[in-house]
Amino acid sequence: MTQRTVFTAFNRRRATAALGAALLAASLSPLAHAQDARPARLLLGFPAGGSFDAIARLLAEKLKTELGRPVIVDNKPGAGGRIAMDLMKNAPADGSVVMFAPGAITSLYPYTVAKLNYDPKKDLAPIGTVAEFPFAVAVSASSKITNLRELIAAAKANSAQAMFGTPAVGAPPHFYGLAFGEAAGVKLDPIPFQGSAPVNQALMGNQIPMGVDVMGSMVENHKGGKIRVLAVSTEQRAPQLPDVPTFAEQGFASVTGGDFNAFFAPAGTPAPALAAWSKALSNVLAQAEVKDKLLTMGFIPVGKGPEELANRAAAQAKRWEAIVKSSGFVAQ
């Protein structure tokens, strides 16, 4: 074998080894997972047309650029998001499927659903918090009630006025209404509807004395003079409703707070894939356009990572546990 032949063979072996090392490094890096060309599914447990769907589609469009792959919103409505949760739990844990869900998935449903089809601690991998959303209490625009004190007085004087519309049984607004009643010293009874739109319609038709829902679902009808929001659960007045005082301003500081929504992946998803999603989500939520749209819809952008999400979910679970237990609600 000539010296030239030996040299050529050596170079080939060295090039092959270098290529193998490069491919191994690429397969282990977040960038490799982020640039997977296969479409990713973003599961959503709510129907098209709602605020969660609008946020999911906004984020999916932006994430496409950050991840270098298509992100397709897959609506699987029903059971407050638990149908979508069941699909995600059994999805491939490779970064190709994630879920956009309310915090209730991890922090409330364990106390309100008797036979939960998943274990939040075992079946979910946190990716990042998207936004917070406060709650609000409202009355018909034709009502003579203009503040919480008048609302409470009416409820105490007449049991027919001590009822509130809520978008679903066992949903966060249901328990927020009960918590408000407890703070006010009056028993309030929930009237469940099938979503936020029917609650608003019932308020506009003066069919219910009050409604409790996420603030974002009431903003436009309040601004349009169709309903009257009396209080919001933010610490400071919400920029979307600067004319509406907070619960705290009206003497109910314990009713301050709200819920959140976030991205989760199936448990067992590789760390590099989770890191790629988390970084991409953080970058998207830092964009001024995205922040403005979220605020317009009544949400407060957060954009924090998996550790913050895990801590937030744990803290919220403790709060909901106390509220549900105090309400006497029996898991269904």
Side-chain angles (χ1 to χ4, degrees), residues 49-51 133-259 295-300 323 326-327 329:
S51 58
F133 51 93
F135 298 97
V137 60
V139 295
S140 168
S142 62
S143 172
K144 295 180 180 180
I145 293 173
T146 60
N147 57 57
L148 293 184
R149 292 295 177 187
E150 294 174 357
L151 184 69
I152 294 164
K156 288 181 175 180
N158 183 354
S159 60
Q161 297 298 308
M163 298 183 290
F164 66 95
T166 178
V169 172
H174 173 165
F175 293 103
Y176 232 80
L178 296 180
F180 167 52
E182 183 176 353
V186 59
K187 185 179 184 301
L188 298 179
D189 294 317
I191 304 172
F193 287 83
Q194 295 296 315
S196 295
V199 173
N200 275 265
Q201 290 292 332
L203 283 171
M204 288 186 278
N206 210 21
Q207 298 167 349
I208 53 176
M210 71 183 92
V212 179
D213 203 351
V214 296
M215 184 190 74
S217 72
M218 294 178 160
V219 169
E220 291 306 314
N221 284 325
H222 172 85
K223 290 181 176 179
K226 298 177 181 178
I227 65 174
R228 181 183 304 125
V229 176
L230 301 181
V232 293
S233 66
T234 48
E235 292 185 2
Q236 307 295 328
R237 292 199 180 195
Q240 300 89 343
L241 296 173
D243 61 319
V244 178
T246 65
F247 282 93
E249 282 183 87
Q250 299 180 71
F252 301 99
S254 65
V255 195
T256 299
D259 210 344
L295 286 169
T296 299
M297 288 188 281
F299 293 82
I300 303 168
I323 291 175
S326 177
S327 74
F329 182 84

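These numbers were taken from a predicted model, which means no experiment stands behind them.
For the side-chain contact (heavy atoms from CB on, under 4.5 Å) with Met210, the lone residue among Ile227, Leu230, Leu188 that qualifies is Leu188.
Judged purely by atom type and a 3.5 angstrom limit, Gln161 has no side-chain atom pairing as donor or acceptor with the backbone of Ala154. In this structure, Arg149 contributes its side chain and Gly251 its backbone to no donor-acceptor pair below 3.5 Å. Distance alone, capped at 3.5 Å, is enough to place a donor-acceptor pair between the His174 side chain and the Gly170 backbone. Between the side chain of Thr246 and the backbone N or O of Gln236, no donor-acceptor pair lies under 3.5 Å. Between the side chain of Ser326 and the main chain of Ile323, no donor-acceptor pair closer than 3.5 Å is present. The closest donor-acceptor contact from the side chain of Arg237 to the backbone of Pro242 lies under 3.5 Å. Between the side chain of Asn200 and the main chain of Ser217, a donor-acceptor pair closer than 3.5 Å is present.
For residues 176-196, every residue pair satisfying the ring pair (Phe, Tyr, Trp, His ring centres under 6.0 Å) rule, not counting sequence neighbours, is listed here: Phe135-Tyr176, Phe180-Phe247, Phe180-Phe252.
Across every non-hydrogen atom of Gln250 and Leu148, the tightest pair is OE1-N, 3.0 Å. Across Val212 and Pro167, no two heavy atoms sit closer than the pair O-CD, 3.7 Å. For the pair Gly211 and Val199, the tightest heavy-atom approach, listed with the atom from each and the gap, is CA-CG1, 4.4 Å. Contact record, Leu203 with Ala138: CD2-O, 3.7 Å, taken as the closest heavy-atom pair. Taking both residues in full, the closest heavy atoms of Gly298 and Met215 are given as O-CE, 3.7 Å, listed atom of the first, atom of the second, then distance. Pairing each heavy atom of Gly185 with each of Lys156, the nearest pair is O-CE, 3.7 Å.
Put simply, the side chain of Ser51 does not reach to within 4.5 Å of the side chain of Phe133, judged on heavy atoms. Using a 4.5 Å cut-off on side-chain heavy atoms (C-beta onward), Thr296 and Gln240 make no contact. Proximity of Leu178 to Pro190: side-chain heavy atoms (C-beta onward) are separated by under 4.5 Å at one or more points.
A salt bridge does not link Glu150 with Lys144: none of the charged nitrogens is closer than 4.0 Å to a carboxylate oxygen.
From Asp213, atom CG reaches atom OG1 of Thr166 across 6.5 Å, with rounding to the nearest 0.5 Å. Residue Met204 holds its CE atom at 4.5 Å from CG of Asn221, rounded to the nearest 0.5 Å. The OG atom of Ser159 sits 10.5 Å away from atom NZ of Lys187, with the distance rounded to the nearest 0.5 Å.
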